[in-house]
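Along the sequence shown, residues are numbered consecutively beginning with 1.
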Amino acid sequence: YYNSLQPRTEADCIKSNHASIAEMKADGEVGTESIKRYLLNALLQMSKAFNRSVGLNGEQLELTIDLILEDPVLPNLKLDDIKLCFRRAMTGEYGEIYSIDPNIVLTWLKRYFRGRILAGERVSQEEHAAELAKPINRNASWRKAVEDLARHMSEARPHTNKQRQR
């Protein structure tokens, strides 16, 4: 699953139909152990991109996963986001890397998250502008609203009469 993700921008991640880590956890369809395996795979792939003296060891991997899951904001990220963040780290977008530890990984993710919030605002504004640019047939909209109200009123009447009979 993780290997198939190909996000290029924050907007790609925002628009993807994948669940966030928090949503996966809340749905119950994906257990915590599965989420930890996804995160482990992500961290291992990122860690392998660097030489052995820079990468995370086993204890650091476990600690990093626990810290991500315990963080108040990071579980709001999707695996797409994590992959994009790590790719950016590998290309030096977050600065030169001399070593990696849990603190550095969390710093990357939090920096990415701040940028993602701004990207989310841009995506929302673009979608809103596109909605406003659509032509509106005011007569059809008004007619539909009247029809919906009439249908609602007709459905409500039998219910109201039943209540009065009791």
Kindly write out the residues that satisfy side chain to side chain contact (heavy atoms under 4.5 Å, CB included) with E121, not counting sequence neighbours, or none if the list is empty.
-> I117, L118

Give a yes or no answer on whether the side chain of Q60 reaches the backbone of N57 with a donor-acceptor pair at less than 3.5 Å.
-> yes

Measure the NZ-CG distance between K48 and L43 for me, rounded to the nearest 0.5 Å.
-> 12.0 Å

With R122, which residues qualify under side chain to side chain donor-acceptor pair (under 3.5 Å), at least two apart?
-> none

With L63 as partner, the option from L67, L61, I65 fulfilling side-chain contact (heavy atoms from CB on, under 4.5 Å) is L67

Sequence neighbours excluded, which residues qualify as ring-ring contact (aromatic ring centres under 6.0 Å, His included) partners of Y38?
-> Y1

Would you mind reporting whether M46 and K83 have side-chain heavy atoms less than 4.5 Å apart?
-> no

Which atoms form the tightest heavy-atom contact between K78 and C13, and what is the distance?
-> NZ-O, 3.0 Å

Below 4.5 Å, heavy atoms only, C-beta onward: do L5 and H18 meet side chain to side chain?
-> yes

Sequence neighbours left out, what pairs pass side-chain hydrogen bond (donor to acceptor under 3.5 Å, both in side chains) with at least one residue falling in residues 105-114?
-> D71-K110, D81-Y112

Kindly write out the residues that satisfy side chain to side chain contact (heavy atoms under 4.5 Å, CB included) with A19, not counting sequence neighbours, or none if the list is empty.
-> E23, M24

For residues 95-102, dump all side-chain donor-acceptor pairs below 3.5 Å to protein atoms at least two apart in sequence or in another chain.
unit_1: E96; atom_1: OE1; unit_2: Y98; atom_2: OH; d: 3.0
unit_1: D101; atom_1: OD1; unit_2: N103; atom_2: N; d: 2.9
unit_1: D101; atom_1: OD1; unit_2: I104; atom_2: N; d: 2.9

Pair listing, salt bridge (Lys or Arg N to Asp or Glu O under 4.0 Å) test, anchored in residues 2-11, at least two apart = E10-R88

State the CD-CD distance between E59 and E62, to the nearest 0.5 angstrom.
-> 7.5 Å

Between I21 and I82, what is the shortest heavy-atom contact and its length?
-> CD1-CD1, 3.5 Å

Return the minimal non-hydrogen interatomic distance between S47 and G55, and the atom names on each side.
-> OG-CA, 3.1 Å

Partner residues of S34 under the side chain to side chain donor-acceptor pair (under 3.5 Å) criterion, sequence neighbours left out | R37

Is the closest side-chain heavy-atom distance between L39 and L79 below 4.5 Å?
-> yes

Rounded to the nearest 0.5 Å, what's the gap from OG on S4 to CD on Q6? Could you check?
-> 7.5 Å

side-chain contact (heavy atoms from CB on, under 4.5 Å) between D12 and D80, worked out = CA-CA 8 Å; D12 292 342; D80 307 67; over 6 Å; no

Side-chain hydrophobic cluster, 4.5 Å single linkage: members besides V123 | I14

So do N41 and Q45 actually touch side chain to side chain, heavy atoms under 4.5 Å?
-> yes

With sequence neighbours excluded, residues passing salt bridge (charged side-chain N to carboxylate O under 4.0 Å, His left out) with K36 | D66

